[in-house]
S.K.: 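One structure coming up, written as structure tokens, with questions to follow.
For the single chain, residues carry numbers from 1 onward in sequence order. Model, not experiment: these values are computed from the prediction.
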Amino acid sequence: MTQRGRATRPAAPTGRSRRTDGDRGGDRAGASRGDLAARRTKLRDVIAPVVTAAGYDLEDVSVSRAGRRHVVRVIVDADGGINLDAVADVSRLVSAALDAAEEAGGDIVAGEYQLEVSSPGVDRPLTLPRHWRRNAGRLVKVTVRVERTDAQPAMDRQVTGRVVVADDERVVLENESGQVEHRYAALGPGRVQVEFHRLDEIDEADEVDDDDDDDEFDGDEHDAADEDDDDDVEDEER
């Protein structure tokens, strides 16, 4: 669900990478981490209002060097997920906003850059209440800070459970021991677990559907054969 694009000047041919005006020789030689962090802040200030106005959540903005150009990566999401059409729309809106900011005199991204807009992958950590809410029903592994009653320091333990419900204050995880409520303040970043057996169940369901289709087809053949037999009887009667 990744929509890739390149920000271009309005008068430039479609598909050409954007290059800002001015001498960028020093920047092309390499940017320090501090420079990239500053650019990331500028980018977020421009992109966040656009994404929010479009009805989506801005999950992350990053900028990195790739040879002689920058790569700007934007991660967006929404309740119910985000499809390719929505990603493409956001990409166009963000590209236009960056163009407008550059035209207004803002040094947003120096030199050529490529814009990449995508939705979060399953490997993205769950750090906010909305992340947990959007993964209801999935199996998640997370570190839980457990307070002790014997005046000893709190300890961390790994917990794996299925997200039953999540709101703004807490999440309920279910495993073989039952359901347990956890406050977000006691949780580290959650990680969605890939469940291979569920994929096997889907494959088995597809096979059952295929078998049902075959049975229906065989029945049609039997009906056709019966019709032929009836025709033979009628011919004999004549």
Side-chain angles (χ1 to χ4, degrees), residues 1-135 168 189-192:
M1 293 172 54
T2 301
Q3 173 72 26
R4 296 174 183 269
R6 290 168 179 168
T8 58
R9 288 189 180 278
T14 303
R16 291 187 59 186
S17 299
R18 165 119 181 221
R19 174 172 293 173
T20 55
D21 294 331
D23 183 8
R24 306 297 186 188
D27 186 82
R28 288 196 295 269
S32 67
R33 291 183 179 179
D35 291 337
L36 293 179
R39 295 196 184 284
R40 179 178 181 273
T41 300
K42 292 181 180 181
L43 284 165
R44 194 174 189 93
D45 290 343
V46 173
I47 295 172
V50 175
V51 173
T52 301
Y56 304 105
D57 294 316
L58 178 61
E59 298 295 349
D60 192 26
V61 175
S62 64
V63 57
S64 60
R65 292 288 300 185
R68 297 172 63 87
R69 65 183 175 184
H70 287 93
V71 177
V72 178
R73 294 183 175 90
V74 179
I75 309 295
V76 296
D77 201 6
D79 287 348
I82 182 169
N83 59 30
L84 284 175
D85 290 338
V87 169
D89 290 341
V90 173
S91 181
R92 285 190 290 269
L93 292 172
V94 170
S95 179
L98 292 177
D99 283 344
E102 291 282 359
E103 294 295 336
D107 182 15
I108 307 302
V109 183
E112 298 179 359
Y113 68 91
Q114 177 172 316
L115 174 66
E116 297 180 5
V117 179
S118 67
S119 62
V122 294
D123 58 336
R124 299 279 302 177
L126 312 183
T127 58
L128 298 174
R130 66 171 181 262
H131 300 162
W132 291 91
R133 183 180 71 247
R134 290 168 182 170
N135 283 279
D168 291 339
R191 299 283 180 178
V192 175

S.K.: Would you call Asp45 and Lys42 a salt bridge, taking side-chain N to carboxylate O under 4.0 Å as the test?
M.R.: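 The answer is no: the pair does not qualify as a salt bridge.
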S.K.: Do Thr41 and Arg44 have side-chain heavy atoms sitting under 4.5 Å apart?
M.R.: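 Of all side-chain heavy-atom pairs linking Arg44 with Thr41, none is under 4.5 Å.
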S.K.: Of all residues at least two apart in sequence or in a different chain, which pass the side chain to side chain contact (heavy atoms under 4.5 Å, CB included) check with Ala78?
M.R.: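 Side chain to side chain contact (heavy atoms under 4.5 Å, CB included) list for Ala78, sorted by chain: Tyr56.
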S.K.: Side-chain contact test, heavy atoms from C-beta onward, threshold under 4.5 Å: evaluate it for Val50 versus Val90 and give yes or no.
M.R.: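 No, every pair of side-chain atoms sits at 4.5 Å or beyond.
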S.K.: To the nearest 0.5 Å, tell me how far Ser118 OG sits from Ile75 CD1.
M.R.: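 The OG atom of Ser118 sits 3.0 Å away from the CD1 atom of Ile75.
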S.K.: Under the salt bridge (charged side-chain N to carboxylate O under 4.0 Å, His left out) rule, what pairs show up with a residue in residues 76-87, not counting sequence neighbours?
M.R.: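 Listed by first then second residue: Asp77-Arg134, Asp79-Arg133, Asp79-Arg134.
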S.K.: Atom CD in Gln114, atom OG in Ser64: separation rounded to 0.5 Å?
M.R.: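 One gets 10.0 Å once the value is rounded to the nearest 0.5 Å.
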S.K.: Looking only at non-hydrogen atoms, find the nearest pair between Ala97 and Val46 and report the distance.
M.R.: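 Minimum heavy-atom contact is O-CG1, 3.8 Å.
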S.K.: So, using side chain to side chain donor-acceptor pair (under 3.5 Å) as the criterion, who are the partners of Thr52 when residues are at least two apart?
M.R.: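 Thr52 satisfies side chain to side chain donor-acceptor pair (under 3.5 Å) with no residue once adjacent residues are dropped.
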S.K.: Tell me, do Arg124 and His131 make a side-chain contact under 4.5 Å, heavy atoms counted?
M.R.: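 No, too far: nothing below the 4.5 Å cut-off.
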S.K.: If I take atom CZ from residue Arg40 and atom CZ from residue Arg73, how far apart are they, to the nearest 0.5 angstrom?
M.R.: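 Interatomic distance, Arg40 CZ to Arg73 CZ, rounded to 0.5 Å: 13.0 Å.
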S.K.: Under a 4.5 Å cut-off applied to non-hydrogen side-chain atoms, are Glu112 and Arg68 in contact?
M.R.: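 The answer is no; the side chains never approach within 4.5 Å.
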S.K.: What is the minimum heavy-atom distance between Thr127 and Pro189, and which atoms define it?
M.R.: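 Closest pair (atom of Thr127, atom of Pro189, distance): CG2-CB, 4.1 Å.
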S.K.: At what distance, to the nearest 0.5 angstrom, does CG of Leu98 lie from OH of Tyr113?
M.R.: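 It comes to 4.5 Å.
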S.K.: Does the side chain of Arg191 come within less than 4.5 Å of Pro125's, by heavy atoms?
M.R.: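 Yes, at least one pair of side-chain atoms sits under 4.5 Å.
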S.K.: Any side-chain heavy atom of Arg39 sitting closer than 4.5 Å to one from Val61?
M.R.: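 The answer is no; the side chains never approach within 4.5 Å.
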S.K.: If you measure from CG on Asp168 to CG on Leu128, what distance do you get to the nearest 0.5 Å?
M.R.: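 Reported to 0.5 Å precision, the distance equals 11.0 Å.
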S.K.: If you measure from CD1 on Ile108 to CG on Asp99, what distance do you get to the nearest 0.5 Å?
M.R.: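 Between atom CD1 of Ile108 and atom CG of Asp99 there are 11.0 Å.
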